Protein chains: 2
Amino acid sequence: MTNRKTGAVDLSGQGQDQAVTRKSGVALWRQIADQIRQAISAGTLGTDGKLPPELVLSERFGVNRHTLRSAIAALVQEGVLRAEQGRGTFVESRQKLSYPISARTRFSTGLRSQTRDRRSLLLAHAVEPATKRVADGLGLAEGAPVVRLETLSEADERPVSRATNWFDAERFPGYAEAYAETGSITLAFQRFGIGDYFRKSTLVSARHADAADLADLKLSAGAIVLVAIATNVDAEGVPIQYAETRFVADRVELSVSTDA
Amino acid sequence: MTNRKTGAVDLSGQGQDQAVTRKSGVALWRQIADQIRQAISAGTLGTDGKLPPELVLSERFGVNRHTLRSAIAALVQEGVLRAEQGRGTFVESRQKLSYPISARTRFSTGLRSQTRDRRSLLLAHAVEPATKRVADGLGLAEGAPVVRLETLSEADERPVSRATNWFDAERFPGYAEAYAETGSITLAFQRFGIGDYFRKSTLVSARHADAADLADLKLSAGAIVLVAIATNVDAEGVPIQYAETRFVADRVELSVSTDA
DNA sequence: TTCGTTTGTATAGAACAATAGACAAATACG
DNA sequence: CGTATTTGTCTATTGTTCTATACAAACGAA
């Protein structure tokens, strides 16, 4: 509410403790859970792998210990924290995955150093007429047949992204099968003679995860997803893939390098 | 909860009505408000400028009419909707602003066509020692003096972004004053002989708005911000600006063009 | 005017969120 | 061992959110 005015001079440094907002549609325990999760990945909490005691945290946030415990319970459920009676509460995983975005972006590459185990799952696929949005993205006529692929990516046994991919069904018949066998967009393209391809554009936005994404990404309600809408083109500049990927915002950041 | 397995075949098209999740820290009216806001900017609701009647919407979301009314009340408060007794509920503003990100990114340019009125406000400024993160971004030693600028950007009388900017205080003494007088990052740099500069990298993430941003950006709790952390360099490649910008996720999308 | 549609207001009860205080159980440490 | 620290469980109370039902007020059209 306190609106600062032009010409004000100082304010406390970044990264200080944030206040919680009462009676505003978001439960206190959820606000606190979000802040703790964020503080952990920002490195301002639990840097030694251990969280301060519940009593300390509850006083810092200005809430009852039970309320704080609800927040911790949610994070334990998510796998961010691990609580041990008599010992304390510990940080389970900390680092954000950084996905590079450039002309040569393939989401699967560049991550090998950041994670041990990385898997891609094909959830579903179908051939269907293109909506206007998809048709525009692929340079096809509205209603033209396209292959749709629903995929889920995991790193270290935990879901990180959920993607919907579209391909021209006439140019790439049986793409879904090729993907299912190779487990890779790049390898599947190779079966159709696409040796190299490029990221033409990426549109980044953010929103709350919808019900389907909540389930697939194993998130609790209110979680945020980073949405990247991308168009890939072949060597001639013809669009070959249109994709919408939803990343778990807590685990991922997108790195855009724009060296001219 | 219902986890689909590998090899499944079809599911309903994108953009259908989303379910609301009960007892999960986020009030139903807030979830619904978020979905309506999103559906409007996605063009799947109120395309004719008018929302369906409350009774229809409440049935579609599976909640009581009062709950839906709370959602609408929040959106009216935000300025997204306008309700008229006896006539209906109308959409007040609809389009998302698209911010280009490229080597030549200046957030103020490229928006002239999208909005009539655009303003930048200096909220606060200070000289202070650099944290490790800021020092790394600017290529300085930790603790070196830096100028910090807190700015707020508005388009069409409504806040769209909130930025924290850091500059080397030794190289740019009095940068804050230069900015205050010119009202522009680019013009302020010109006073220090920087004729041209480039976006070196942008890191994009998303999170819930914190209390300070909620106030400055006039959001209600639970709102999402897109966070862009950027490094700008001069013609020689030396970092001159490190900035963290929080965009209102509902009003903004970032457009990354990566033409190789 | 009369009627149907739509938003606005009121009231009461059920479900959930948050507070308060007390005590149990596991751990670490002297 | 005994004590302090810390997480886990229990009960009770209060306030907010959601539901259910009813009716009022404004608007548009027959």
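What's counted below: heavy atoms across the whole structure, side chains too, no hydrogens, waters or symmetry copies. Small disclaimer: the values here were computed from a predicted structure and weren't measured. Chain A is the first sequence line, chain B the second, and so forth, proteins listed ahead of strands; every chain is numbered from 1.
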Tell me the interatomic distance from [X], atom [atom1], to [N], atom [atom2], rounded to whole angstroms.
{"X": "A:Ile32", "N": "C:dT19", "atom1": "CD1", "atom2": "P", "answer": "8 Å"}
{"X": "A:Leu75", "N": "D:dT7", "atom1": "CG", "atom2": "P", "answer": "14 Å"}
{"X": "A:Leu68", "N": "C:dA20", "atom1": "CG", "atom2": "P", "answer": "14 Å"}
{"X": "B:Phe61", "N": "D:dC18", "atom1": "CZ", "atom2": "C1'", "answer": "16 Å"}
{"X": "B:Asn64", "N": "C:dA14", "atom1": "CG", "atom2": "P", "answer": "15 Å"}
{"X": "B:Gln31", "N": "D:dT17", "atom1": "CD", "atom2": "C1'", "answer": "12 Å"}
{"X": "B:Glu59", "N": "D:dA20", "atom1": "CD", "atom2": "C1'", "answer": "14 Å"}
{"X": "B:Leu55", "N": "C:dG8", "atom1": "CG", "atom2": "P", "answer": "14 Å"}

Taking atom CD of A:Gln77 as the centre, does the number of heavy atoms from other residues, nucleotides or ligands within less than 6.0 Å exceed 12?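 For A:Gln77, atom CD is not crowded (no more than 12 foreign heavy atoms under 6.0 Å).
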Go through the steps to decide whether A:Thr164 and A:Arg246 satisfy the test side chain to side chain donor-acceptor pair (under 3.5 Å), and finish with yes or no. CA-CA 9 Å; A:Thr164 307; A:Arg246 283 86 73 198; 2.9 Å; yes
Looking at side-chain heavy atoms only, is the closest gap between [X] and [Y] below 4.5 Å?
{"X": "B:Glu128", "Y": "B:Val134", "answer": "no"}
{"X": "B:Gln35", "Y": "A:Arg207", "answer": "no"}
{"X": "B:Val204", "Y": "B:Phe247", "answer": "no"}
{"X": "A:Val160", "Y": "A:Tyr99", "answer": "yes"}
{"X": "A:Arg162", "Y": "A:Leu123", "answer": "yes"}
{"X": "B:Arg133", "Y": "B:Ile229", "answer": "yes"}

Taking the minimum atom-to-atom distance to the side chain of A:Trp29, which one of C:dA20, C:dA18, D:dT19 wins?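 Nucleotide nearest to A:Trp29's side chain: C:dA18.
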Atom pairs under 3.5 Å: protein N/O with N/O of nucleotides 28-30 of chain C:
residue: C:dA28; atom: OP1; partner: A:Arg87; partner atom: NH1; Å: 2.9

Salt bridge A:Arg82-A:Glu92, side-chain N to carboxylate O under 4.0 Å: yes
Between the protein and nucleotides 8-11 of chain D, are there any N/O to N/O pairs under 3.5 Å, and if so, what are the atom names and distances?
residue: D:dG8; atom: OP2; partner: A:Arg69; partner atom: NH1; Å: 3.1
residue: D:dG8; atom: N7; partner: A:Arg65; partner atom: NH2; Å: 2.7
residue: D:dG8; atom: O6; partner: A:Arg65; partner atom: NH1; Å: 3.2
residue: D:dC10; atom: N4; partner: A:His66; partner atom: NE2; Å: 3.0

Kindly say if A:Thr67 contacts the phosphate of C:dA17, meaning a side-chain N or O under 4.0 Å from OP1 or OP2.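 Answer is no, no contact under 4.0 Å.
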